[in-house]
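In what follows, a structure is listed as structure tokens, so that the remarks can point back to it.
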Amino acid sequence: MSDTTSELPQYYDPHAAFARYAPEWEGSGVYSPRPDAPGLPYSIVIPPPNVTGDLHMGHALNNTLQDLLVRYKRMDGYNAIWIPGTDHAGIATQWIVEKQLRAKGIDRRELGREKFLERVWEWKAHSGGNIVRQLKRLGVSCDWSRERFTMDEGCSGAVRESFVKMHEEGLIYRATRLINWDPIGLTAISDLEVETEENVQGELWSFAYPLSDGSGEIIVATTRPETMLGDTAIAVHPEDPRYVRLIGKTVRHPLLDREIPIVGDAILVDPAFGSGAVKVTPAHDFNDHEVGKRHDLPLITIFTPDAKVNGEGGPYAGLDRFEARGKIKADLTALGLFRGTRLNVMTLPRSQRSGAVVEPMVSTQWFVKMKPLAGPALGAVEHGFTTFWPKQWENTYFAWLRDIKDWCISRQLWWGHRIPAWHCAACAHITVSRDDVVACGSCGSADVKQDEDVLDTWFSSALWPLSTLGWPDRTEELATWYPTSVLVTGFDIIFFWVARMMMAGIHQVGSVPFADVYIHGLVRDENGDKMSKTKGNVVDPLLSIEKHGTDAFRMTLASLAGLGRDLTWSDKSVEVWTRFQNKVWQSFRFLRMHVHELPPAAEPGTMDRWILARAGVAVANVRAALDGYRFNDAVTELHRFVWYELCDWYLEFSKAALYGEDEAAKSAAKHTLWTVYSTVARLLHPFMPFLAEELWQNLPGTSGSVMVARFPRAEDFPAADASLDDVALLQEAIVAVRRVRAEKELGGKVALQLVSRGLGALNAYAAVLDDICNASVVAGDKPDACATVVVNGIEAWIPLTGVLDLDKERERLGGHIAKAQKSVDFLRGLLGNEGFVAKAKPELLASRRAELDGDEARLATLHAALAALG
RNA sequence: UGGCACGUAGCUCAGCGGCAGAGCAUCGCCCUGACACGGCGAGGGUCGUGGGUUCAAAUCCCUCCGUGCCAACCA
């Protein structure tokens with residue numbers, strides 16, 4: 001009674017807690033376990049953010065969830081590690097530095113490769129740590145001592161090993177093929193880096209090719225008239241009666257004075273579409289390229305790397321492809337060959353990075369043969385070695401792997417892993433080697449030069465789970481933590497990254513890189529729109545953390561992260577968790593008012609056993625949710641337990657003991673409070689680590705950090721037994737009294753009585769009942785003017801002499817009667833249904849019968865109550 | 001064109017075979033000694049449409065409508 005203050009600040013300050021604990025934790029070494037540390041291994045490797053990047057909501061979500069899992073498993077006794085790192089992001093980074101130089105009037109080519117790369121490294125050193133600093137504001141528990149970069153020595157070694165090995169195996173080869181070319185970035189790109197712009201308003205432009213023998217013409221249509229400079233055939237359907245007799249003849253190219261054969265091709269040509277004749281440009285169109293191969297047509301490349309017409313274009317040479325289009329249309333029209341035009345909605349392939357309209361070009365590049373790699377990667381998921389959460393993403397994964405095409409991995413860039421191949425000037429032999437080559441592997445000439453190209457960024461990303469753990473060396477880390485436990489990532493890089501890691505892992509070391517793949521959704525704005533800089537609806541996670549603190553911010557993300565759905569972010573949703581944070585804090589202050597030292601164990605009372613049993617259920621539910629990656633369910637469970645069971649009920653129950661005279665009850669309540677808050681702090685730690693630590697540090701008798709305390713287990717708590725039914729009875733009685741109080745608009749000051757013959761069990765809790773709702777239990781018969789309540793099926797009355805409003809009371813009872821009648825009707829119908837009675841499970845049938853009995857009794861009681869009002 | 005999701009209270013979502021749930025918002029009453037960042041109580045939905053299976057459907061199957069994503073694409 002003497003202590004009414006708690007010495008704790010009135011409000012929790014998340015920023016102060018962060019400032020205090022984050023550096024302490026990082027310096028503790030807990031994040032950097034040794035491979036031989038005790039516990040089953042648990043490992044996550046971070047999806048490495050680009051060095052060019054700023055932390056956005058996607059990163060915040062992604063890393064919060066990883067941290068949550070690692071903190072949970074670490075507390076749960078696993079040898080848990082989370083390896084961080086960043087990605088060099090080839091094209092993206094080169095692009096940024098080039099732009100910076102251009103702003104200063106410098107072209108990278110003037111600078112030369114060496115000097116340019118120095119600039120990129122400088123830039124990386126200067127701003128590359130930015131993302132890491134930002135990540136730390138999330139409170140992440142990464143092992144920074146093992147931080148990696150995709151172009152560090154280890155990763156570079158892994159890349160070289162992998163490339164050379166796969167080349168030796170014939171899985172990497174060099175070939176001249178039609179590839180996607182980015183005319184602004186001036187590099188080849190992979191199929192995946194081509195994005196299609198939808199619903200572009202285009203024009204389908206028709207013109208005529210005159211037959212060489214002067215006997216007529218063939219009309220073709222195109223959305224790209226300029227490509228006719230590279231036409232080497234006209235294709236028609238071999239069974240099209242209009243054209244059959246023309247197959248084998250030629251047409252005359254009207255602008256370049258060249259004869260072009262007419263071929264029959266059933267695959268390309270749909271006779272029902274347009275004129276039924278198609279111009280064929282094998283060097284600049286993927287479908288046409290296949291036709292070219294089938295009919296052995298020449299390939300005429302008509303563009304320079306920056307997509308201007310080259311020497312093959314005769315008078316059009318030097319024109320940009322779009323300028324050439326206009327001029328060619330004009331010239332064909334002047335020649336009288338124009339045959340009409342119509343609007344055409346189409347899609348336009350664009351380079352993911354530069355936005356340039358992609359130009360298919362014939363080019364010599366390096367490729368990975370994918371079919372042999374895809375099969376095992378497919379099988380691994382089919383057989384459950386790796387599981388996707390949610391499972392439906394496996395379909396996406398399967399579909400892509402089943403229809404996979406070879407991967408063009410060479411890029412005409414400077415920033416990236418240089419291809420380990422040396423070209424001999426003397427004999428043209430290409431030597432691929434793990435070590436730098438000084439003499440040609442074929443003729444021995446010293447006149448060798450390393451391939452100018454670098455590898456696609458994703459080539460090194462594919463090796464990330466291996467390289468971060470030390471591969472190709474056989475490290476202890478690799479032995480302990482590979483395969484990793486889970487990959488947490490977004491659906492947008494299932495092809496780019498997840499599938500390729502699967503293939504690389506299986507191929508290089510014979511096992512999958514992760515047991516689980518958790519795919520989270522996209523963080524959208526409060527209207528459900530995608531966040532984008534151009535739309536200006538981007539929420540800056542750092543600002544949000546500044547405003548609400550790390551704990552509430554993380555809790556919000558977790559609360560939104562379920563299985564298989566995008567997340568709708570709003571500031572309102574953060575407020576729920578700042579309020580929750582406050583609730584936890586205020587209730588903890590209550591504990592501190594009463595608990596000043598570690599309370600000795602004491603025989604728990606009914607209320608104590610009740611909350612301990614409820615805590616056990618909460619622990620089980622939180623664990624089950626986390627184990628199934630249902631972060632939202634875990635959060636809901638914590639909220640439900642802490643707010644509704646602990647604060648709303650137990651804390652109120654405990655007051656009777658804490659403020660009462662019974663010393664045994666008092667110490668039992670103190671011990672229970674201590675136990676429950678010790679549990680809450682530990683349950684909360686993965687979600688709200690700083691708040692949890694603040695609780696832990698201020699909980700008497702604890703030592704060390706909560707992050708290495710044992711995660712609670714359901715077995716730590718007593719199971720509920722029949723004696724706890726009293727608590728439900730008491731709760732029902734309290735709610736009944738409160739309802740009457742609210743409905744009758746009686747203030748809290750008026751003491752009420754609960755009169756009945758059957759609620760004697762409540763006498764044991766008279767103090768609590770009095771404390772919580774200013775009511776007492778009296779054995780007796782129905783008074784004259786009263787409200788009738790039903791507690792646990794037992795009729796009781798609350799005398800209302802002097803305050804009863806008869807009309808209001810009749811109305812209220814009428815409502816309840818209608819509801820009860822509906823329920824009774826339903827159950828009677830159900831139980832009168834022979835099919836149900838015959839086929840329903842016996843337990844269900846019994847419980848339904850019991851329900852009907854209860855409801856019928858309740859209905860009768862209500863009718864009686866109504867009658868009692870006169 | 002194909003594939004995959006999704007459509008449940010005003011809003012955001014959970015439930016996925018046994019009388020519709022949560023948070024926020026709304027409406028009352030309360031500054032009661034942890035908390036007004038609070039307490040107590042209440043109202044609110046024929047679960048997108050139409051059919052089918054079942055004793056029983058928000059839940060399983062089919063149709064359609066709407067929304068979103070992914071993949072392919074007719075010159």
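Each chain gets a letter, A, B and so on, in the order its sequence line appears, and its residues count up from 1.
- Spacing of P atoms, B:rU59 relative to B:rG68, comes out at 24 Å, to the nearest Å.
- For A:Asn582, whose side chain is taken as the heavy atoms from C-beta onward, the closest listed nucleotide among B:rC35, B:rG39, B:rA34 is B:rC35.
- For the pairing with A:Arg350, the side-chain hydrogen bond (donor to acceptor under 3.5 Å, both in side chains) check across A:Glu193, A:Glu195, A:Glu197 returns one residue only, A:Glu197.
- Close placement of the A:Tyr659 and A:His594 rings is indicated, their centers lying within 6.0 Å of each other.
- When heavy atoms are screened at a 4.0 angstrom cut-off, A:Thr568 is found touching the sugar-phosphate backbone but no base atom.
- When heavy atoms are screened at a 4.0 angstrom cut-off, A:Lys749 is found touching no nucleic acid atom at all.
- Both A:Leu591 and A:Asn395 sit near RNA chain B, but only A:Asn395 has its closest nucleotide nearer the 5' end.
- Spacing between atom CD of A:Glu637 and atom P of B:rG23 amounts to 13 Å, rounded to whole angstrom units.
- The nearest whole Å value for the distance from the CZ atom in A:Arg589 to the C1' atom in B:rG33 is 12 Å.
- Counting any heavy atom pair closer than 4.0 Å across all strands shown, A:Arg741 reaches no nucleic acid atom.
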A correct 5'-to-3' footprint of nucleotides 69-75 of chain B, with B, S and - meaning base, sugar-phosphate only and no protein heavy atom under 4.0 Å, is --S-BBB

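- A:Gln586 has its CD atom 7 Å from the P atom of B:rA36, to the nearest Å.
- OP1 or OP2 of B:rG39 lies within a sub-4.0 Å distance of a side-chain N or O belonging to A:Trp643.
- Nucleotides B:rC11 and B:rC16, compared at atom C1', are 23 Å apart to the nearest Å.
- Under 4.0 angstrom from either OP1 or OP2 of B:rA14 there lies at least one side-chain N or O belonging to A:Arg565.
- Judged by the 6.0 Å distance and 45° axis criteria, A:Arg500 is positioned over the aromatic ring of A:Trp407.
- The interatomic distance linking A:Lys391 (NZ) with B:rC4 (P) rounds to 16 Å, in whole Å.
- To the nearest 0.5 angstrom, A:Leu192 atom CG is 15.0 Å from A:Trp497 atom CH2.
- For the pair A:Arg849 CZ and B:rC55 C1', the computed distance is 14 Å after rounding to whole Å.
- Residue-level contact check: A:Phe580 touches neither bases nor backbone, having no heavy atom under 4.0 Å from any strand.
- Atom-to-atom, CG of A:Asp648 to P of B:rC30 comes out at 20 Å; the value is rounded to the nearest Å.
- One N or O donor and one acceptor, one from the side chain of A:Glu652 and one from the base of B:rA34, sit under 3.5 Å apart.
- Rounded to an integer number of Å, the gap from CG of A:Leu567 to P of B:rU12 is 14 Å.
- A salt bridge links A:Lys279 and A:Asp231; the closest N-O separation between the charged side-chain nitrogens and carboxylate oxygens is under 4.0 Å.
- One P atom belongs to B:rG10, the other to B:rU1, and the distance between them is 34 Å to the nearest Å.
- Between A:Trp649 and A:Tyr644, the distance from one ring center to the other does not fall under 6.0 angstrom.
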Taking Watson-Crick (N1-N3 plus N6-O4 or O6-N4) and G-U wobble (N1-O2, O6-N3), each under 3.5 Å, can you produce the dot-bracket string of RNA chain B? Use [ ] for crossing pairs and | for inter-strand ones. ((((((((.[[[[.)..(..]]]].(((((.......))))).....[.[[[..)....]]].])))))))....

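- No contact: A:Cys773 has no heavy atom under 4.0 Å from any strand.
- Only the P atoms considered, B:rU46 is 9 Å distant from B:rA9, to the nearest whole Å.
- At a cut-off of 3.5 Å, with distance as the only test, a side-chain donor of A:Asp191 or A:Asn180 sits close to an acceptor on the other residue.
- Under the 6.0 Å cut-off for aromatic ring centres, A:His548 and A:Trp577 do not qualify, their centroids lying 6.0 Å or more apart.
- B:rU32 and B:rG39: their P atoms are spaced 14 Å apart (whole Å).
- Residue A:Val576 is the one, among A:Val576 and A:Val837, whose nearest nucleotide of RNA chain B lies closer to the 5' end (criterion: closest heavy atom).
- Defined by atom type and a distance below 3.5 Å, a donor-acceptor pair is present between the side-chain atoms of A:Glu203 and A:Thr341.
- One N or O donor and one acceptor, one from the side chain of A:Lys583 and one from the base of B:rC35, sit under 3.5 Å apart.
- Nucleic acid contact for A:Val735: sugar-phosphate only, since backbone atoms but no base atoms lie under 4.0 Å from a heavy atom of the residue.
- Taking the C1' atoms as reference points, B:rG7 lies 15 Å from B:rA14, given to the whole Å.
- For an aromatic pair to be called close, the ring centres must be under 6.0 Å apart, and A:Phe553 with A:Trp569 satisfies this.
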Heavy-atom protein contacts under 4.0 Å, nucleotides 57-62 of chain B, coded B base, S sugar-phosphate only, - none: ------

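- Closest heavy-atom contact between A:Gly628 and A:Leu563: O-CD1, 4.0 Å.
- B:rG41 sits 12 Å from B:rG23 when the P atoms are compared, rounded to a whole Å.
- OP1 or OP2 of B:rC40 has not a single side-chain nitrogen or oxygen of A:Tyr644 nearer than 4.0 Å.
- Remark: A:Arg739 is in phosphate contact with B:rA42, judged by side-chain N or O atoms under 4.0 Å from OP1 or OP2.
- Comparing atom distances between the A:Arg579 side chain and each of B:rG18, B:rG41, B:rC24 picks out B:rC24 as nearest.
- Distance CG (A:Leu522) to P (B:rC6): 17 Å, rounded to an integer number of Å.
- Taking the P atom of each, B:rC60 and B:rU67 are spaced 23 Å apart, rounded to whole Å.
- In this structure, CD on A:Glu394 lies 10.0 Å from CD1 on A:Ile519, to the nearest 0.5 angstrom.
- Closest approach of A:Val263 to A:Ala233, counting heavy atoms only: CG2-CB, 4.4 Å.
- Ring-base stacking between A:Phe590 and B:rC35 is not satisfied when judged by a centre separation under 5.5 Å and a plane angle under 30°.
- Of the candidates B:rA36, B:rC19, B:rG18, B:rG18 carries the atom nearest the A:Ala840 side chain, counting heavy atoms from C-beta on.
- Tested against A:Trp585, the residues A:Phe590, A:Tyr12, A:Phe690 include a single ring pair (Phe, Tyr, Trp, His ring centres under 6.0 Å) partner, A:Tyr12.
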Any chance you could lay out the ring pair (Phe, Tyr, Trp, His ring centres under 6.0 Å) test for A:Tyr518 and A:Tyr629, step after step, and finish with the verdict? CA-CA 7 Å; A:Tyr518 172 73; A:Tyr629 303 102; 5.5 Å; yes

